[in-house]
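Contents: one structure, followed by commentary.
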Amino acid sequence: QVQLVESGGGLVQAGGSLRLSCAASGRAFNYYYVGWFRQAPGKERDFVASISWNGGSSRYADSVKGRFTISRDNAKNTVYLQMSTLKPEDTAVYFCAASKASGPVVGAGGYDYWGQGAQVTVSS
């Protein structure tokens, strides 16, 4: 069992930056793939980024490539999402999730554990 808690959301102006954190508790978190997803009102939950268990491999949605960076510190059981050059269309609730899969997973259905979400609002 893994518990995930997101933090670091908030209100920021367009062009600004935020860093989200996903703190995990539970067994063997450092063996899980971790992903970030986001969900805007009235829309589906979309993949944002994922990172392998050792941080050696990452994947991004086209909409955030070059602006967002995912990283992890297994000693702290924490995964981060650094978001830069934010746009109003990045406004959403951001969720972190952990997957027991052995390879990268971009579909929400491939993740086993979810956090409660953190609101990110980007004003124009």
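Position 1 is the first residue of the sequence, and the numbers go up from there.
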Closest non-hydrogen atom pair, [X] against [Y]:
{"X": "G35", "Y": "Y111", "value": "N-CE2, 3.5 Å"}
{"X": "V120", "Y": "G9", "value": "CG2-CA, 4.2 Å"}
{"X": "L18", "Y": "G8", "value": "CD2-O, 3.8 Å"}
{"X": "S99", "Y": "V105", "value": "OG-CG2, 3.8 Å"}
{"X": "N74", "Y": "N54", "value": "ND2-CA, 4.4 Å"}
{"X": "S124", "Y": "A14", "value": "CA-CB, 4.4 Å"}

For K43, enumerate each residue passing the salt bridge (charged side-chain N to carboxylate O under 4.0 Å, His left out) test, keeping only those at least two apart in sequence or located in another chain.
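With sequence neighbours excluded, K43 shows a salt bridge (charged side-chain N to carboxylate O under 4.0 Å, His left out) to no residue whatsoever.
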
Could you tell me the separation between the [atom1] atom of [X] and the [atom2] atom of [Y], rounded to the nearest 0.5 Å?
{"X": "Q119", "Y": "Y94", "atom1": "CD", "atom2": "OH", "value": "9.5 Å"}
{"X": "L4", "Y": "Y32", "atom1": "CG", "atom2": "OH", "value": "9.5 Å"}
{"X": "M83", "Y": "W36", "atom1": "CE", "atom2": "CH2", "value": "8.0 Å"}
{"X": "S21", "Y": "R72", "atom1": "OG", "atom2": "CZ", "value": "13.5 Å"}
{"X": "S71", "Y": "Q82", "atom1": "OG", "atom2": "CD", "value": "8.0 Å"}
{"X": "S7", "Y": "L20", "atom1": "OG", "atom2": "CG", "value": "8.0 Å"}

Tell me if the aromatic rings of F37 and W114 count as close, with their centers under 6.0 Å from one another.
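Distance test on ring centres: under 6.0 Å, yes.
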
With a 3.5 Å distance limit and no angle check, can you tell me whether [X] reaches the backbone of [Y] through a side-chain donor-acceptor pair?
{"X": "T78", "Y": "A23", "value": "no"}
{"X": "S50", "Y": "V34", "value": "no"}
{"X": "S52", "Y": "S57", "value": "yes"}
{"X": "E6", "Y": "C22", "value": "no"}
{"X": "Y113", "Y": "C96", "value": "no"}
{"X": "D112", "Y": "K100", "value": "yes"}

Among I51, T69, D73, I70, side-chain contact (heavy atoms from CB on, under 4.5 Å) partner for Y80:
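Running side-chain contact (heavy atoms from CB on, under 4.5 Å) over I51, T69, D73, I70 with Y80 returns exactly one hit, D73.
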
Is K87 salt-bridged to D90, cutoff N-O under 4.0 Å?
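Result for this pair is no, no salt bridge flagged.
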
Taking it one step at a time, do V5 and Q116 satisfy side-chain contact (heavy atoms from CB on, under 4.5 Å)?
CA-CA 7 Å; V5 178; Q116 84 289 350; 4.2 Å; yes

Using the side chain to side chain donor-acceptor pair (under 3.5 Å) criterion, which residues pair with R59? Sequence neighbours excluded.
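R59 satisfies side chain to side chain donor-acceptor pair (under 3.5 Å) with no residue once adjacent residues are dropped.
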
With S123, which residues qualify under side chain to side chain donor-acceptor pair (under 3.5 Å), at least two apart?
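S123 satisfies side chain to side chain donor-acceptor pair (under 3.5 Å) with no residue once adjacent residues are dropped.
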
Applying a strict under-4.5 Å side-chain criterion to I, L, V, M, F, W and Y, I'd like to know whether V48 and V122 cluster together.
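Per the 4.5 Å side-chain linkage, V48 and V122 are co-clustered.
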
Test of understanding: clusters of I, L, V, M, F, W, Y form through side-chain heavy atoms closer than 4.5 Å, transitively. Do F29 and Y33 belong to the same one?
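Per the 4.5 Å side-chain linkage, F29 and Y33 are not co-clustered.
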
Lys NZ or Arg CZ of R38 over F47 ring: under 6.0 Å, within 45°
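Negative - R38 is either too far from the ring of F47 or too far off its axis.
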
